Number of protein chains: 2
Amino acid sequence: MSYKDIKEDVLRRITSGQWPPGHLMPSELELCDEYGSARATVNRALRELADEGVLDRKRKSGTRVRRAPLRQARFDIPLTRLEIEGRGAAYRYALVARDLCLAPDWLRARMALGAGVKVLHLTCMHYADGAPFQHEDRWINLAALPQAEDSDFTETGPNEWLVETIPFSDVEIGFGAVVADAALAEFMGCTTGEALFQTERSTWFDGQPVTFVRLCFQAGYRMTTRY
Amino acid sequence: MSYKDIKEDVLRRITSGQWPPGHLMPSELELCDEYGSARATVNRALRELADEGVLDRKRKSGTRVRRAPLRQARFDIPLTRLEIEGRGAAYRYALVARDLCLAPDWLRARMALGAGVKVLHLTCMHYADGAPFQHEDRWINLAALPQAEDSDFTETGPNEWLVETIPFSDVEIGFGAVVADAALAEFMGCTTGEALFQTERSTWFDGQPVTFVRLCFQAGYRMTTRY
DNA sequence: GAGTGGTCTAGACCACGTT
DNA sequence: ACGTGGTCTAGACCACTCT
């Protein structure tokens, strides 16, 4: 039995009611006997199920079926270009505004920036088959990324530039809703007062705040996943 | 070296620029030499980094640092009661309406229900310290869960009842935004026209559609995570 | 064909938490 | 003290995919 077969079989026993929520499962060694597999194989199956929130494992106490499955949803956060192209639509990018300025107070608080820090403020639009898809409001900390000042971002969006420039970062992401004001409605080709799905993202690299971005999606956009 | 140490060291090499995006890493056997570990240990470290979207692995070609890290965000989807209590607020639940009816067409399409299927339609409110926190619009397929008809849901919300009744399910979840109409604004204690964060969830058990729910959160609510 | 990752085995020691 | 899961080792065979 492969570890995948074991995972499937354990899930089957749980969904069939043979192992109800809270049930104490056999120990790894007992399952090794039953499945005729090595302990490492059984262990991998159970460990992955625990990672996925189905099982609860404790040394000495054993492995139990979770009562209220710790439901977790995993979302892919793709580049906007790839998301649009993945739907078979043509991608177009446009730079709306590019502004060098001191970080406003709300941004300094948000990104934990010191006083008098210069930031690059970019406003961009992303289109799918010519229709407004996403409005991007981006702030880049020039103290962390001075070379951003030399890029003009007319051809390539800041997101794509960033992922090629910074290899890895800590990220905080938040989802919410926002009402389209007159300006945003004009960009997004919707009516004023429409509710738009919005994500906010702060990125750090090596402990240093790098960028903050607000993305507003077209009206009716839904971010979905299965698990 | 433990697999965690190896993960850390590989991440350090990536963030330090020693292994830039797209870089071809040493093979597992070479890393075994370098770290003085068994191949299974190195394999687990690299496999987990690939699962997390940092590395890209292919047989024969080897392991590379992802160019555009397929960033994934993991969100916990807690029970509303636990989310509110976890913030140190008092939880209160109220059943607003309970209605037995035939599934409307949009719902039949959404849940892949046959014609003439009876559903239980529930409207509920969840309060945090007395303030409206979440509006729940729930539909339960009585063909899959006939015992739902015997529960009155005045004391316990349908979500808590469901997780105790069904051990495991397939779930499709979507995030979006919705404008508060007059009725919803009254429930949520906000002004009409406010943008509210909304999640929709469809649940299947054993291939059978069980329930569909729309959750509207208080104005300004943000669902956040770090990764 | 050959190199790489994917997986499995049998055995071992350790860490944690309950008793 | 003892039972359980957590992890590591050394070796093996297989599957994919590039040339």
Side-chain angles (χ1 to χ4, degrees), chain A residues 1-14 18-70 72 74 168, chain B residues 1-14 18-70 72 74 168:
Chain A
M1 296 273 280
S2 85
Y3 81 96
K4 286 182 181 174
D5 297 331
I6 296 178
K7 280 179 75 171
E8 247 180 67
D9 190 65
V10 169
L11 277 178
R12 189 190 51 73
R13 292 189 183 194
I14 293 174
Q18 183 182 344
W19 290 344
H23 180 77
L24 179 63
M25 291 177 47
S27 75
E28 292 192 349
L29 286 175
E30 292 172 290
L31 289 174
C32 289
D33 261 10
E34 185 178 338
Y35 290 122
S37 304
R39 205 186 133 214
T41 307
V42 172
N43 178 273
R44 179 165 178 190
L46 299 189
R47 175 162 43 81
E48 291 196 359
L49 287 173
D51 284 345
E52 292 163 18
V54 177
L55 301 179
D56 200 14
R57 315 196 76 193
K58 269 185 201 160
R59 283 156 152 138
K60 170 72 181 175
S61 326
T63 302
R64 288 179 182 279
V65 180
R66 272 211 139 85
R67 280 186 185 284
L70 202 252
Q72 290 181 332
R74 279 169 66 144
F168 193 78
Chain B
M1 296 274 281
S2 86
Y3 81 98
K4 286 182 181 174
D5 296 331
I6 297 177
K7 281 179 75 172
E8 247 180 65
D9 189 64
V10 169
L11 277 178
R12 188 190 51 73
R13 293 189 187 196
I14 294 174
Q18 184 182 343
W19 289 345
H23 180 78
L24 179 63
M25 291 177 45
S27 75
E28 291 192 349
L29 286 175
E30 291 172 291
L31 290 174
C32 289
D33 259 11
E34 184 178 338
Y35 291 122
S37 304
R39 204 186 132 216
T41 306
V42 171
N43 178 272
R44 179 164 177 192
L46 299 190
R47 176 162 40 82
E48 291 196 358
L49 287 173
D51 285 344
E52 292 163 17
V54 177
L55 300 179
D56 200 14
R57 316 195 75 190
K58 269 185 202 158
R59 282 156 154 143
K60 169 71 180 174
S61 328
T63 302
R64 290 180 182 278
V65 180
R66 270 213 140 85
R67 281 186 185 284
L70 201 253
Q72 291 183 330
R74 278 169 66 146
F168 192 79

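Quick note on labels: first sequence line is chain A, next is B, and so on, each numbered from 1. Because the structure is predicted, anything quoted here is derived from the model rather than measured.
Atom CG in B/Asp56 sits roughly 12 Å away from atom P in D/dT17 (whole-Å rounding). For the pair B/Asp33 CG and C/dT4 P, the computed distance is 13 Å after rounding to whole Å. Computed from coordinates, the B/Arg64 CZ to D/dC18 P distance equals 11 Å when rounded to whole Å. The CG-C1' distance, from A/Leu29 to C/dG11, rounds to 12 Å in whole Å. To the nearest angstrom, P of C/dG11 lies 17 Å from CG of A/Asn43. Computed from coordinates, the B/Met1 CE to D/dT9 P distance equals 11 Å when rounded to whole Å. One can place CG of B/Leu55 at 13 Å from C1' of C/dG5, the figure rounded to the nearest angstrom. Atoms CG (B/Leu24) and C1' (D/dT17) sit 15 Å apart, rounded to a whole Å.
Although no hydrogens or angles enter the test, the distance criterion places no donor-acceptor pair under 3.5 Å between the side chain of A/Arg64 and the main chain of A/His23. Listed for the A/Asp5 side chain is a donor-acceptor partner under 3.5 Å among the backbone atoms of A/Ser2.
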Full working for side-chain contact (heavy atoms from CB on, under 4.5 Å) between A/Arg39 and A/Leu29 = CA-CA 7 Å; A/Arg39 205 186 133 214; A/Leu29 286 175; 4.1 Å; yes

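The side chain of B/Ala40 sits closest to D/dA10 out of D/dA10, D/dG6, C/dT4. Side-chain proximity of B/Lys60 to D/dC18, D/dT7, C/dC8: nearest is D/dC18. For A/Thr63, counting side-chain heavy atoms from C-beta on, the closest listed nucleotide (C/dT4, C/dG17, D/dG5) is D/dG5. Residue A/Thr41 has its side chain nearest to C/dC8 when only D/dG5, C/dC8, C/dT4 are considered. Side chain of A/Arg57, nearest nucleotide from C/dG5, D/dG6, D/dT9: D/dG6. For B/Ser61, the side-chain atoms get nearest to D/dC18 when compared with the rest of D/dC18, C/dT18, D/dT9. Comparing atom distances between the A/Arg59 side chain and each of C/dT7, C/dA15, D/dC8 picks out C/dA15 as nearest. Of the candidates D/dT4, D/dT7, C/dG5, D/dT7 carries the atom nearest the A/Arg47 side chain, counting heavy atoms from C-beta on. With C/dA10, D/dC13, D/dC8 as the choices, the nucleotide that has an atom nearest any side-chain atom of B/Arg39 turns out to be D/dC13.
By the 4.5 Å heavy-atom criterion applied to side chains, B/Asp9 and B/Tyr35 are counted as neighbours. Put simply, the side chain of B/Val54 reaches to within 4.5 Å of the side chain of B/Ile14, judged on heavy atoms.
Counting atom types as modelled, B/Arg44 pairs no side-chain N or O with a base atom of D/dG6 as donor and acceptor under 3.5 Å.
Phosphate contact (OP1/OP2 of D/dC8, side-chain N/O of B/Ser2, threshold under 4.0 Å): present.
Positionally, the nearest nucleotide of DNA chain D for A/Pro26 lies more toward the 5' end than for the other of B/Tyr3 and A/Pro26.
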